[in-house]
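Below, each value reflects all heavy atoms present in this structure, side chains not excepted, and no hydrogens, waters or symmetry copies. Just follow the structure's listing: the first ligand is 1, and inside any ligand the first atom is 1. Nothing here was measured: the structure is a model prediction, and the numbers come from that model.
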Amino acid sequence: TADKLAAALASYDALLGDDEDDERIEISATTIHAALAHGEIRPWFQPQVELGNGKVVAVEALARWVRPDGQVVRPAHFIGLLEREGLADPLADLMLEQACQWKRQWDLQGLRLNVSVNISPATLADPTAADRYQRIVQAQNVDPGEVVLELTESSVMADAARALGVLARLRLKGFGLSIDDFGTGYSSLAQLSHIPFTELKIDQGFVAGAWQQPRKRAVVEASLDLARKLGLEVVAEGVATVEDWQMLADLGCSMAQGFLIAPPVAPEDLPAVLAQWRRPES
Ligand code: C2E
Ligand code: MG
Ligand code: MG
Ligand code: MG
């Protein structure tokens, strides 16, 4: 499995090019508008697996800028600029629409997968977002109950009262709501408990290596406990080794996502990647 992980990481690095390459990309407001308009920004997908039985039950859509020369650019290099250019809404709409299109296609192949989509903080200030997302999903014949919207803990807590309006509306329409990067946002637990989340994602910074670091493990255990008491699904992010997997299974965590299972992959490649996945033996 160590070999398998090394191989997965090597192929992932090869796809992305090395970091230096990534850094050298010049991205201006003009190029990012053009990239969006030309369909060069699209979702890749990373599996989410049930720890109990190893079954892949969902995928998270992660934005990639796939340039005409084949170079794949990660979101850290362009999401901030897109948001500053006022393009957060078009990005969310296209990610949601394409994630639903791919979901329908996988349904037809007998792969039943829920989809998660990351949503920018700007959406939380937009009272029309809930109706729009409902229309987008329904146009693709997908039930909102099969879609999870991920919001980072810090984006929600920046103005929890305002966020509550949009989030409650989305929840009423049946969307799942996930707190992303949990543990990094200094939330007030009192505020958090008033927002109708359905899922909590433990940030990868606490997950990777927690099996040998008691302080990280304490955060993981406290998060699992909170999720259980609030009735939330839990996804551990950044599960990268068999030891991480085993610890989470022992602690009763329900779902795992990370390089141990698979990195984010192009949608065309997902069925083959899922067919190769075997859960670690315990
Ligand atoms: P996130 O939503 O927390 O997504 C998880 C990130 O962790 C992804 O990075 C994923 O590739 C990476 N990851 C997954 N497993 C592992 C692992 O085992 N080890 C390590 N080291 N990393 C792992 P990515 O795709 O570069 O995305 C970074 C962030 O960009 C996302 O964090 C999310 O906040 C944001 N993002 C991505 N796509 C979108 C989008 O369509 N809209 C918005 N608003 N934000 C997005
Ligand atoms: Mg996410
Ligand atoms: Mg996260
Ligand atoms: Mg993150």
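Seen from the Mg ion (ligand 2), atom OD1 on N118 and atom OD2 on D180 lie at an angle near 90° (rounded to 10 degrees). Between E150 atom OE1 and E60 atom OE2, the angle centred on the Mg ion (ligand 2) amounts to 90° (nearest 10°). Considering the Mg ion (ligand 3) as centre, the angle to OE1 of E237 and to OD1 of D181 is 100° (10° rounding).
The CH2 atom of W211 sits 10.5 Å away from atom CE of M247, with the distance rounded to the nearest 0.5 Å. To the nearest 0.5 Å, atom CZ of residue R169 and atom CD of residue Q134 are 12.0 Å apart.
Side chain to side chain, E237 and Q257 fail the donor-acceptor criterion of an N or O pair below 3.5 Å. No side-chain donor from either of S178 and E150 sits under 3.5 Å from a side-chain acceptor of the other.
At a heavy-atom distance under 4.0 Å, no atom of T152 approaches ligand 1. If you look at P264 next to ligand 1, the close heavy atoms, those under 4.0 Å, all belong to the side chain. Proximity of V117 to ligand 1, defined as any heavy-atom pair under 4.0 Å, is not found for any part of the residue. Contacts between D181 and ligand 1 below 4.0 angstrom, taking non-hydrogen atoms only, involve the side chain exclusively. With a 4.0 Å cut-off on non-hydrogen atoms, Q257 does not touch ligand 1 at all. Contact annotation for I79 and ligand 1: only side-chain heavy atoms (C-beta onward) come within less than 4.0 Å of the ligand.
Proximity of E60 to ligand 1 is established by a heavy-atom distance of less than 4.0 Å. For A76, the closest heavy-atom approach to ligand 1 does not fall below 4.0 Å.
With distances taken over non-hydrogen atoms, the option nearest atom 13 (N) of ligand 1 out of E83, H77, Q204 is Q204. Of the candidates R74, M95, R64, it is R64 that places a heavy atom closest to atom 25 (O) of ligand 1.
Those atoms of ligand 1 with a heavy atom of D180 less than 4.0 angstrom away are 1 (P), 2 (O), 3 (O).
Ion pairing of E268 with R42 is present here, as a side-chain N (NZ or NE/NH1/NH2) and a carboxylate O approach within less than 4.0 Å. For the pair D131 and R135, the salt-bridge criterion is not met [side-chain N within less than 4.0 Å of a carboxylate O]. Between K201 and E60, at least one side-chain N (NZ, or NE/NH1/NH2) sits under 4.0 Å from a carboxylate O, which counts as a salt bridge.
At least one N or O atom of F259 sits closer than 3.5 Å to an N or O atom of ligand 1.
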